Trainee: 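Got a structure here, written out as structure tokens. Questions coming.
These figures come from a predicted structure and were not determined experimentally. Note that these values count all heavy atoms, side chains included, but never hydrogens, waters or copies made by symmetry.
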Amino acid sequence: MTIFDYFKEAISTSTKPIVYEFGACDGYHTNELLNILRSVSKPFVYHAFEPVESLIPTIQNCCRNHTGLYALHQCAVGAKQESGKKLYQSSGQYYGSSSLRKPKKVYEFWKDMTFEETTCEVTTFDAHAQAVGLADSIIDFVWSDIQGAEIDLIKGGKEAFKRVRYFFTEFNNHELYEGQMSKQKELLKLLPDFEIIEEFYEVQADGSKELQDIILRNTKL
């Protein structure tokens, strides 16, 4: 199954799907997920987060056919609410690699990647769910592509994750960013109610496989 197949499975069993996307980047996946949601003709709630200011117009343009049907927040998600938090912002062909965590081994894989230190607003998953009235709601799907800051998302969403059914996240077995989780057992320790249902790998030029993404399911929901 592809990640989109899992997404369709998640929303098919919900009368009003609730979706969170952390790290919307250029809006490509935002647009794809919204297309799927609209195709099933159900009311839905969609919250997308992207801290890089210059990417907001790009997301809005990519999702112009869905204007008014989703909420876009120029904000990062972390372990605690902060104003003026340091953001390591990437640019050029690697514009989708910004992170709250300082780059580390990322340079070993992409030697020409560069980062600029800027600041952004940070909220937590729990705080946002509370603020928009979703603190007691089942969240059908969480999509996370936040460049090594997965641990921060989870620590700031301890209550919210109890109500998350499916969690898709970018995941790498290298510490590309400082403090990044690089072992699946670390992820499962933070999310004891979840099980990994599929791992997605990318085949390298030398034939080896590199872990790219993981999807988990809440065994309690």
Trainee: Is Glu178 salt-bridged to Lys104, going by a charged N under 4.0 Å from an acidic O?
Mentor: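 Here Glu178 does not pair with Lys104 in a salt bridge, since their nearest N and O are not under 4.0 Å apart.
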Trainee: Establish whether Phe168 and Val164 are linked, either directly or via other cluster members, by ILVMFWY side-chain heavy-atom contacts under 4.5 Å.
Mentor: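 Not linked; separate clusters.
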Trainee: Could you check whether the rings of His128 and His47 sit parallel, tilted or perpendicular, using 30° and 60° as the cut-offs?
Mentor: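 Perpendicular: the ring planes of His128 and His47 meet at over 60°.
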Trainee: Hey, what do you get for NZ (Lys102) to CG (Leu100), rounding to the nearest 0.5 Å?
Mentor: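 Between atom NZ of Lys102 and atom CG of Leu100 there are 14.5 Å.
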Trainee: For a quick check under 3.5 Å, do Thr2 and Asp5 share a side-chain donor-acceptor pair by atom type?
Mentor: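 Checked: Thr2/Asp5 side chains pair up, N/O donor to acceptor below 3.5 Å.
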Trainee: Within the structure provided, determine whether Cys63 and Tyr70 are in side-chain contact (heavy-atom separation under 4.5 Å).
Mentor: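 Of all side-chain heavy-atom pairs linking Tyr70 with Cys63, at least one is under 4.5 Å.
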Trainee: Taking CG in Asp136 as the centre, count heavy atoms belonging to other residues, nucleotides or ligands within less than 6.0 Å. Is the count above 12?
Mentor: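 No, the 6.0 Å shell around CG holds no more than 12 heavy atoms from other groups.
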Trainee: Is there a side-chain contact between Met181 and Leu190, using heavy atoms and a 4.5 Å cut-off?
Mentor: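 Yes, side chains in contact.
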Trainee: Write down the atom of Thr124, the atom of Gly156, and the distance for their closest heavy-atom approach.
Mentor: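 Shortest heavy-atom separation between Thr124 and Gly156 comes out as CB-O, 3.2 Å.
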Trainee: Would one find more than 12 heavy atoms of other residues, nucleotides or ligands at under 6.0 Å from atom CD of Glu53?
Mentor: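 Open: at most 12 neighbouring heavy atoms sit under 6.0 Å from CD of Glu53.
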Trainee: For the residue pair Asn35 and His66, establish whether any side-chain heavy-atom pair is separated by less than 4.5 Å.
Mentor: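 A side-chain contact exists here, since the closest heavy-atom pair is under 4.5 Å.
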Trainee: Does Leu72 share a hydrophobic cluster with Val132, counting links as ILVMFWY side-chain heavy atoms below 4.5 Å and allowing steps through other members?
Mentor: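 No.
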Trainee: Decide yes or no for Phe194 and Arg217: does some side-chain heavy atom of the first lie under 4.5 Å from some side-chain heavy atom of the second?
Mentor: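 Answer no - side chains too far apart.
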Trainee: State the CE-NZ distance between Met1 and Lys8, to the nearest 0.5 angstrom.
Mentor: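 Here the interatomic distance stands at 9.5 Å.
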Trainee: Under 3.5 Å, is there a donor-acceptor pair linking the side chains of Arg165 and Ser14?
Mentor: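 Judged by distance alone, the side chains do not pair up.
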Trainee: Once you measure the plane-to-plane angle for Phe125 and Phe22, does it fall in the parallel (<30°), tilted (30-60°) or perpendicular (>60°) bin?
Mentor: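 Geometry flag for Phe22 against Phe125: perpendicular rings.
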Trainee: Checking Ser99 side chain against Gln147 main chain: does a donor-acceptor pair fall under 3.5 Å?
Mentor: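 Yes, because the side chain of Ser99 sits within donor-acceptor range (under 3.5 Å) of the backbone of Gln147.
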Trainee: Do Phe167 and Thr169 make a side-chain contact, defined as non-hydrogen atoms from C-beta onward lying under 4.5 Å apart?
Mentor: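 Side-chain contact under 4.5 Å: yes.
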Trainee: Does some side-chain heavy atom of Glu159 sit less than 4.5 Å from a side-chain heavy atom of Phe161?
Mentor: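 With C-beta onward as the side chain, the pair stays apart.
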Trainee: Between Asp152 and Lys80, is there a salt bridge with N-O shorter than 4.0 Å?
Mentor: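 Answer for the salt bridge query: no.
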Trainee: To the nearest 0.5 Å, what is the distance between CD1 (Ile214) and CZ (Phe171)?
Mentor: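 With rounding to 0.5 Å, CD1 (Ile214) is 5.0 Å from CZ (Phe171).
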Trainee: Looking at Leu55, is its backbone amide N or carbonyl O close enough to the side chain of Gln74 to form a donor-acceptor pair, meaning the two atoms are under 3.5 Å apart?
Mentor: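 No; judged by distance alone, with no hydrogens or angles, the pair does not exist.
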Trainee: Is the backbone of Lys86 close enough, under 3.5 Å, to the side chain of Thr119 for a donor and an acceptor to pair up by distance?
Mentor: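 No, because the side chain of Thr119 does not come within donor-acceptor range (under 3.5 Å) of the backbone of Lys86.
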Trainee: Taking atom types as modelled and ignoring hydrogens, do the side chains of Glu210 and His174 form a donor-acceptor contact shorter than 3.5 angstrom?
Mentor: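 Looking only at side-chain atoms, His174 and Glu210 do form a donor-acceptor pair, the distance falling under 3.5 Å.
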Trainee: Flag yes if more than 12 heavy atoms outside Lys16 fall under 6.0 Å of its NZ atom; otherwise flag no.
Mentor: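 Not buried by this count: 12 neighbours or fewer within 6.0 Å.
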Trainee: Show your reasoning for whether side chain to side chain contact (heavy atoms under 4.5 Å, CB included) applies to Ser54 and Tyr95.
Mentor: CA-CA 10 Å; Ser54 61; Tyr95 61 87; over 6 Å; no
Trainee: Lys42 side chain to Ser12 main-chain N or O, any donor-acceptor pair under 3.5 Å?
Mentor: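 A pair under 3.5 Å: yes.
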Trainee: Does one side chain, of Glu121 or Ser83, offer a donor that lies under 3.5 Å from an acceptor on the other?
Mentor: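 Yes.
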Trainee: Is the closest basic N to carboxylate O distance between Lys105 and Glu108 below 4.0 Å?
Mentor: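 Answer for the salt bridge query: no.
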Trainee: Which heavy atom of Ser98 sits nearest to which heavy atom of Ser90, and what is that distance?
Mentor: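 Scanning both residues completely, I find the closest heavy atoms to be OG-N, 3.0 Å.
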Trainee: Going from CD1 on Ile36 to CD1 on Ile11, what distance comes out if it is rounded to the nearest 0.5 angstrom?
Mentor: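 So the CD1 of Ile36 and the CD1 of Ile11 are separated by 6.5 Å.
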Trainee: With no hydrogens and no angle check, do the side chains of Glu9 and Tyr166 hold a donor and an acceptor under 3.5 Å apart?
Mentor: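 A donor-acceptor contact under 3.5 Å links the two side chains.
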Trainee: How long is the gap from CG on Asn218 to CG on Asp140, to the nearest 0.5 Å?
Mentor: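 Result: 11.5 Å between the selected atoms.
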Trainee: Assign the ring pair Tyr107 / Phe115 to parallel, tilted or perpendicular, where the plane angle (0 to 90°) is split at 30° and 60°.
Mentor: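 Perpendicular.
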Trainee: Look at the side chain of Gln180 and the backbone N and O of Leu176, then say whether any donor-acceptor pair between them is shorter than 3.5 Å.
Mentor: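 Yes, because the side chain of Gln180 sits within donor-acceptor range (under 3.5 Å) of the backbone of Leu176.
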Trainee: Return yes if a side-chain donor-acceptor contact under 3.5 Å exists between Thr30 and Glu21, otherwise no.
Mentor: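 Yes, side-chain donor-acceptor contact under 3.5 Å.
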Trainee: Does atom OH (Tyr6) have a neighbourhood of more than 12 heavy atoms from anything else shown, all under 6.0 Å?
Mentor: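 Yes, because the 6.0 Å sphere around OH of Tyr6 holds more than 12 heavy atoms from other groups.
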Trainee: Do Ile18 and Leu221 share a hydrophobic cluster, counting only Ile, Leu, Val, Met, Phe, Trp and Tyr and linking them when any side-chain heavy atoms are less than 4.5 Å apart?
Mentor: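 No, no single cluster joins them.
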Trainee: Can you tell me how far apart OG (Ser91) and CE (Met113) are? Round to the nearest 0.5 Å.
Mentor: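 These two atoms lie 10.0 Å from each other.
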Trainee: Please confirm whether the backbone N or O of Ser182 pairs with a side-chain atom of Glu186, one donor and one acceptor, at under 3.5 Å?
Mentor: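 Such a contact is found between Glu186 side chain and Ser182 backbone.
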Trainee: Same cluster or not: Tyr20 versus Trp143, using hydrophobic residues (I, L, V, M, F, W, Y) connected whenever any side-chain heavy atoms lie under 4.5 Å apart?
Mentor: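 No, no single cluster joins them.
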Trainee: For a 4.5 angstrom cut-off between non-hydrogen side-chain atoms, does Val122 reach Val77?
Mentor: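 A side-chain contact under 4.5 Å is absent here.
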Trainee: Verify whether one side chain among Gln212 and Glu199 offers a donor that lies under 3.5 Å from an acceptor in the other.
Mentor: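 Judged by distance alone, the side chains do not pair up.
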Trainee: Less than 4.5 Å apart, side chain to side chain, heavy atoms only: is that true for Thr123 and Phe49?
Mentor: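 In contact.
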Trainee: Taking Ala135's backbone N and O only, do any of them form a donor-acceptor pair with Arg163's side chain (distance below 3.5 Å, no angle check)?
Mentor: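 Side chain of Arg163 to backbone of Ala135: a pair is present.
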Trainee: Does Lys209 count as lying over the ring of Tyr201, i.e. NZ or CZ under 6.0 Å from the six-ring centre, within 45 degrees of the axis?
Mentor: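 Verdict for Tyr201: a cation-pi partner in Lys209.
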Trainee: Tell me if a side-chain donor or acceptor on Glu150 pairs with a main-chain N or O of Ile154 at a distance below 3.5 Å.
Mentor: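 Answer holds: no.
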Trainee: Looking only at the side chains, is there a donor atom on one of Glu170 and Asn172 sitting less than 3.5 Å from an acceptor on the other?
Mentor: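 Absent: no donor and acceptor within the cut-off.
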